[in-house]
Amino acid sequence: QAILSESGGGSVQAGGSLRLSCGISGDVAAWYCVGWFRQSEGKEREAVAHICPGGTNMYLSDSVWDRFTISHNNPMDTVFLQMNDLKTEDSAIYYCAAGMTRLKSSLPAAHEFTYWGRGTRVTVSS
């Protein structure tokens with residue numbers, strides 16, 4: 001069973017950058033994939049990015065594909081979300097999640113994931 005912990009959130013001005021980290025505990029990292037999600041007040045939880053071990057099954061949402069990058073260390077016990085050129089609409093609580101999503105051919109939805117972190121807040125000011 002996996003334990004996930006997000007870090008790296010904070011407050012930045014529009015155009016700035018942040019790097020989020022998702023620490024993963026347990027050997028589930030050998031066969032589970034990781035997704036990043038975000039949720040702001042009054043909105044649905046939005047899938048942002050996804051990666052499987054070996055850098056496979058990498059997906060980014062249409063909203064962030066040209067600004068964000070997802071990666072992981074080796075062996076995969078930390079997944080990173082590099083966020084550049086941040087916009088005010090990127091403000092949200094960001095969550096990472098782990099699940100058996102290796103066979104997905106596009107960005108998996110939240111219900112596909114089993115384990116979740118508690119989130120880290122990102123605030124982008126104009």
Side-chain angles (χ1 to χ4, degrees):
Q1 186 166 332
I3 299 174
L4 283 70
S5 180
E6 303 92 340
S7 62
S11 182
V12 298
Q13 293 190 6
S17 298
L18 284 173
R19 189 191 196 193
L20 306 184
S21 297
C22 175
I24 306 161
S25 300
D27 60 3
V28 68
W31 47 284
Y32 268 41
C33 301
V34 171
W36 282 98
F37 294 79
R38 65 187 183 186
Q39 188 166 27
S40 57
E41 185 175 347
K43 291 190 173 183
E44 298 290 321
R45 186 164 296 188
E46 176 190 8
V48 175
H50 181 267
I51 193 170
C52 290
T56 59
N57 302 87
M58 291 177 61
Y59 308 110
L60 294 167
S61 73
D62 291 343
S63 298
V64 308
W65 70 268
D66 56 342
R67 300 181 294 118
F68 292 11
T69 302
I70 189 168
S71 62
H72 69 76
N73 64 350
N74 292 297
M76 194 179 82
D77 63 7
T78 308
V79 174
F80 306 98
L81 185 68
Q82 178 67 46
M83 307 187 297
N84 298 320
D85 192 24
L86 284 162
K87 306 178 184 299
T88 56
E89 54 262 42
D90 295 317
S91 296
I93 298 175
Y94 283 71
Y95 303 89
C96 61
M100 297 177 61
T101 54
R102 183 179 296 175
L103 299 180
K104 297 295 182 180
S105 59
S106 61
L107 198 61
H111 70 264
E112 302 284 356
F113 294 87
T114 304
Y115 306 105
W116 291 82
R118 295 188 180 275
T120 185
R121 183 179 292 276
V122 171
T123 302
V124 184
S125 302
S126 62

Original post:
Would you say Leu107 and Trp65 are hydrophobically clustered, going by side-chain heavy atoms of ILVMFWY under 4.5 Å?
Top reply: no
Subject >> Tyr32/Tyr115 under side chain to side chain contact (heavy atoms under 4.5 Å, CB included): CA gap, chis, key distance, verdict >> reply: CA-CA 10 Å; Tyr32 268 41; Tyr115 306 105; 3.4 Å; yes
**OP:** Give, for atom OG1 of Thr120 and atom CG of Leu81, the distance between the pair rounded to the nearest 0.5 Å.
**Re:** 11.0 Å
Subject >> Among Gln39, Arg38, Arg121, the one residue meeting side-chain contact (heavy atoms from CB on, under 4.5 Å) with Tyr94 >> reply: Arg38
**OP:** Please work out whether the ring planes of Phe37 and Trp116 are parallel, tilted or perpendicular, with thresholds of 30° and 60°.
**Re:** tilted
Original post:
side chain to side chain donor-acceptor pair (under 3.5 Å) with Arg67: which of Asp90, Asp85, Asn84?
Top reply: Asp90
Original post:
If Ile, Leu, Val, Met, Phe, Trp and Tyr residues are connected whenever their side-chain heavy atoms lie under 4.5 Å apart, and connections chain through other members, are Tyr95 and Leu20 in the same group?
Top reply: no
**OP:** Measure the spacing between SG of Cys52 and NZ of Lys104 and express it to the nearest 0.5 Å.
**Re:** 11.5 Å
Original post:
Would one find more than 12 heavy atoms of other residues, nucleotides or ligands at under 6.0 Å from atom CE of Met58?
Top reply: yes
**OP:** Could you tell me which non-hydrogen atom of Ser40 sits nearest to which non-hydrogen atom of Ser91, and how far apart they are?
**Re:** CB-O, 3.6 Å
Subject >> Closest contact, heavy atoms only, Cys22 versus Leu4 >> reply: SG-CD2, 3.8 Å
Subject >> Residue Glu89 excluded, over 12 heavy atoms near CD under 6.0 Å >> reply: yes
**OP:** Only counting residues at least two apart or in another chain, list the ones meeting salt bridge (Lys or Arg N to Asp or Glu O under 4.0 Å) with Glu6.
**Re:** none
Original post:
Are Ile51 and Phe113 grouped together when hydrophobic residues (ILVMFWY) are joined by side-chain heavy atoms under 4.5 angstrom apart?
Top reply: no
**OP:** To the nearest 0.5 Å, tell me how far His50 NE2 sits from Cys33 SG.
**Re:** 4.5 Å
Original post:
Are any non-hydrogen side-chain atoms of Arg102 and Asn57 less than 4.5 angstrom apart?
Top reply: yes
Subject >> Point-to-point distance, once rounded to the nearest 0.5 Å, from CG of Leu60 to OG1 of Thr69 >> reply: 7.0 Å
Original post:
What is the distance from atom CE of Met76 to atom OG of Ser71, rounded to the nearest 0.5 Å?
Top reply: 11.0 Å
Subject >> Closest non-hydrogen atom pair between Gly55 and His72, with its separation >> reply: N-NE2, 3.2 Å
Subject >> Gap separating the OG1 atom of Thr78 from the CD1 atom of Ile24, nearest 0.5 angstrom >> reply: 7.0 Å
Original post:
Are Val64 and Val34 co-members of a hydrophobic cluster defined by side-chain heavy atoms under 4.5 Å apart?
Top reply: yes
Original post:
Between Val48 and Tyr59, is there a shared hydrophobic cluster once you connect ILVMFWY residues whose side-chain heavy atoms come closer than 4.5 Å?
Top reply: no
